[in-house]
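What follows is a set of notes on a single structure, which appears directly below.
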Amino acid sequence: MTPRDAADANDSRWSDLDRPPLNATALRRALVRDGGHGGLYCDVEVVQRTGSTNSDLAARAVAGDADEGAVLVAEEQTAGRGRLDRRWTAPPRSGLFFSVLLTPSEVPVACWGWLPLLTGVAVATGLSRAAGVDTALKWPNDLLVTVDGAERKAGGILAERAGEHGVVVGVGVNVTLRADELPVPQAGSLALAGAVGTDRDPLLRAVLRSLEEWYGRWRTAGGDPAASGLQEAYAAGCATLGRVVRAELPGDRSVVGEAVAIDGDGRLVIATEEGVQEPVGAGDIVHLRPA
């Protein structure tokens, strides 16, 4: 058995039969076509445990040891990160924790800021299809589900540059977390949101196929978010739009107003009480009132 197939084997330190391991061989067979040609994915590797799939894959990309479409999946992350270096923790085999290397050479670098939003659309679309759960996007990178009538965060996305020509997009999604396992009260999971299925193999396949579809469409359009349909799709699925929000910005500055649009650069446009429409490209967004 090779190390990469270790996740296909039983591991005695896990006894939770509700959380079977991912089948790396089946995932590669389903996603890697024609020896890596004819589709986005060139390889799918599943490891039992690592610090961060984003860090690992980015390091490989910088060293020249990974090609576009390399997918690294972990059954457990010990140093998973969200935006602003926040920790992402979850029990082993309770979610989807993976990263993908993208090298959109034909797309202007100025458009690469759309990649985390594109990934959000892809993840939400794939999970809605495979899990039967209504999902929504909180700008810029959170996946929301409804649990007992309340909006909860069930996933997040982190995009990071990997050398001069690459971007690693990392995804973390809580799949089978139970109420007593949630790291914070505001968290949720697909299971708690009433998912019709929590088998992680079909969920991961659905998400990666959706990512392949959206990435191909965006790349074919030269990164144009309007021509590719990405801007419209993100706005349609964004729970932040139409709500009163507070944007907590770098430099201890904040902006309060209604989130009215996603502009062509992927920024959130906030209309303040002073009549100013301010685009926000980075920062924490707090939903103050429902739409």
Side-chain angles (χ1 to χ4, degrees), residues 16 18-19 22 73-74 76-77 80-84 86-99 116-159 169-211 214 230 233-245 259 262 268 284-291:
D16 192 337
D18 291 332
R19 291 172 175 165
L22 290 165
V73 190
E76 179 185 10
Q77 284 194 122
R81 292 172 291 117
R83 288 178 63 250
L84 307 177
R86 292 189 177 119
R87 289 291 304 276
W88 178 282
T89 59
R93 301 192 299 183
S94 66
L96 297 176
F97 320 115
F98 67 93
S99 298
L117 306 185
L118 181 155
T119 304
V121 169
V123 172
T125 302
L127 291 179
S128 293
R129 290 172 181 166
V133 171
D134 288 333
T135 56
L137 299 165
K138 178 186 174 187
W139 188 92
N141 74 327
D142 290 348
L143 180 77
L144 305 178
V145 296
T146 301
V147 178
D148 296 329
E151 202 172 63
R152 303 284 188 85
K153 177 179 175 178
I157 295 155
L158 180 65
V169 290
V171 176
V173 179
N174 295 332
V175 177
T176 60
L177 255 71
R178 306 168 185 114
D180 61 351
E181 295 174 318
L182 297 175
V184 293
Q186 300 83 7
S189 70
L190 300 183
L192 291 173
V196 296
T198 56
D199 185 337
R200 293 177 305 141
D201 279 275
L203 293 180
L204 182 56
R205 289 198 302 270
V207 166
L208 287 173
R209 284 171 176 153
S210 181
L211 177 61
W214 274 107
L230 176 58
Y234 189 89
C238 182
T240 304
L241 293 180
R243 302 174 80 144
V244 176
V245 302
I262 304 295
L268 181 69
D284 251 5
I285 300 298
V286 180
H287 289 174
L288 298 179
R289 291 205 298 272

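These numbers were taken from a predicted model, which means no experiment stands behind them.
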Shortest non-hydrogen contact from [X] to [Y]?
{"X": "V171", "Y": "V173", "result": "CG1-CG2, 3.7 Å"}
{"X": "P140", "Y": "Y234", "result": "O-OH, 3.7 Å"}
{"X": "A259", "Y": "L268", "result": "CB-CD1, 3.8 Å"}
{"X": "V121", "Y": "A233", "result": "CG1-CB, 4.2 Å"}
{"X": "N141", "Y": "I157", "result": "ND2-O, 2.6 Å"}
{"X": "F97", "Y": "Q77", "result": "CB-NE2, 3.7 Å"}

L96 CG to L204 CG distance, which is reported to the nearest 0.5 Å: 5.5 Å
Rounded distance (nearest 0.5 Å) linking atom CG of L192 with atom OG1 of T198: 11.0 Å
Test log, rule side-chain contact (heavy atoms from CB on, under 4.5 Å), inputs L158 and V169: CA-CA 6 Å; L158 180 65; V169 290; over 6 Å; no
Residues that [X] engages under side chain to side chain donor-acceptor pair (under 3.5 Å), provided they are two or more places apart:
{"X": "T240", "result": "H287"}
{"X": "T176", "result": "R19"}
{"X": "S94", "result": "none"}

Under 3.5 Å, side chain of [X] to main-chain N/O of [Y], donor-acceptor pair present?
{"X": "R200", "Y": "G95", "value": "yes"}
{"X": "R152", "Y": "Q186", "value": "no"}
{"X": "T146", "Y": "E151", "value": "no"}
{"X": "N174", "Y": "S189", "value": "no"}
{"X": "K153", "Y": "K138", "value": "no"}
{"X": "S210", "Y": "A206", "value": "no"}

Contact check, side chains of T125 and T135, non-hydrogen atoms, under 4.5 Å: no
Side-chain heavy-atom pair L137, D142 within 4.5 angstrom cut-off: no
V133/V196 under side-chain contact (heavy atoms from CB on, under 4.5 Å): CA gap, chis, key distance, verdict: CA-CA 8 Å; V133 171; V196 296; over 6 Å; no
From CA spacing to verdict: side-chain contact (heavy atoms from CB on, under 4.5 Å), V123, L211: CA-CA 7 Å; V123 172; L211 177 61; over 6 Å; no
Among L127, D199, L203, the one residue meeting side chain to side chain contact (heavy atoms under 4.5 Å, CB included) with V175: L203
Trace of the side-chain contact (heavy atoms from CB on, under 4.5 Å) decision for W139 with L117: CA-CA 8 Å; W139 188 92; L117 306 185; 4.3 Å; yes
